[in-house]
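Reviewing the structure listed below.
Basis for what follows: all heavy atoms, side chains included, without hydrogens, waters or symmetry-related copies.
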Amino acid sequence: MRNYKFEDFEIGNSVYHKSNTKIKMIVVGKNDKTFEIKCRWVDKDGNRLEDTFLFAELIKSDDYDYDNLPTITVI
């Protein structure tokens, strides 16, 4: 898994929390003083939820999704 810097995250990026890759979140804010990233997601009931995480808790979904694609071998 790739290690990210605070600067790697931008508003609008899709991210996962490292401990729960089933919920895809969107970066909606950044705090340069505390290195925290505010994320928003929609739960299964359609409720919009928000929380703030340290950047070290997050992974970008593009990188995670790409690393977890099934491998197909052609013979």
Side-chain angles (χ1 to χ4, degrees):
M1 191 177 312
R2 181 178 166 197
N3 288 322
Y4 296 96
K5 298 177 187 172
F6 178 75
E7 297 80 18
D8 293 332
F9 296 96
E10 298 296 333
I11 292 174
N13 286 153
S14 297
V15 297
Y16 293 109
H17 193 277
K18 288 181 178 178
S19 69
N20 184 359
T21 55
K22 294 180 181 179
I23 299 174
K24 188 179 281 191
M25 305 179 287
I26 303 296
V27 175
V28 295
K30 292 174 64 175
N31 186 327
D32 296 333
K33 293 179 183 171
T34 62
F35 298 108
E36 292 178 318
I37 297 176
K38 187 175 194 176
C39 298
R40 182 180 297 148
W41 67 98
V42 178
D43 70 8
K44 65 180 180 177
D45 297 322
N47 299 311
R48 280 185 2 169
L49 304 170
E50 286 187 1
D51 205 348
T52 304
F53 305 96
L54 292 173
F55 76 94
E57 297 178 87
L58 303 174
I59 53 177
K60 288 182 151 186
S61 64
D62 290 344
D63 296 333
Y64 178 80
D65 293 343
Y66 180 76
D67 288 344
N68 290 299
L69 288 175
T71 303
I72 299 173
T73 305
V74 179
I75 300 175

Report the C-alpha separation of Cys39 and Val28 in whole Å, then their side-chain angles, then the decisive distance to 0.1 Å, and conclude whether the side chain to side chain contact (heavy atoms under 4.5 Å, CB included) test is met.
CA-CA 5 Å; Cys39 298; Val28 295; 5.8 Å; no
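Counting only distance, with no hydrogens or angles, the side chain of Lys60 and the backbone of Asp8 share a donor-acceptor pair below 3.5 Å. Between the side chain of Asp43 and the backbone N or O of Asp45 there is at least one donor-acceptor pair closer than 3.5 Å. Without hydrogens or angle criteria, Thr52 side chain to Glu36 main chain gives no donor-acceptor distance under 3.5 Å.
Here CG of Asn47 is found 11.5 Å from CH2 of Trp41. Values are rounded to the nearest 0.5 Å. Here the CE-OH distance, from Met25 to Tyr16, works out to 10.0 Å after rounding to the nearest 0.5 Å. Here Ile26 contributes atom CD1 and Ile11 contributes atom CD1; the two are 12.0 Å apart, rounded to the nearest 0.5 Å. Taking NZ of Lys38 as the reference point, atom CG of Asp51 lies at 9.5 Å (rounded to 0.5 Å). Rounded to the nearest 0.5 Å, atoms CD1 (Ile59) and CG (Asn3) are 11.0 Å apart.
Closest approach of Leu58 to Tyr4, counting heavy atoms only: O-CD1, 3.8 Å.
For Lys22, the side-chain contact (heavy atoms from CB on, under 4.5 Å) criterion is met by Asn20, not counting sequence neighbours. Here Phe55 pairs with nothing under the ring-ring contact (aromatic ring centres under 6.0 Å, His included) rule; sequence neighbours left out.
One finds no salt bridge joining Lys18 and Glu57 here, because no Lys/Arg side-chain nitrogen approaches an Asp/Glu carboxylate oxygen to under 4.0 Å.
Taking the ring axis of Phe6 as reference, the NZ or CZ atom of Lys30 stays within 45° of it and closer than 6.0 Å to the ring centre.
Grouping the Ile, Leu, Val, Met, Phe, Trp and Tyr side chains by contacts below 4.5 angstrom, directly or via other members, places Ile23 with Val15.
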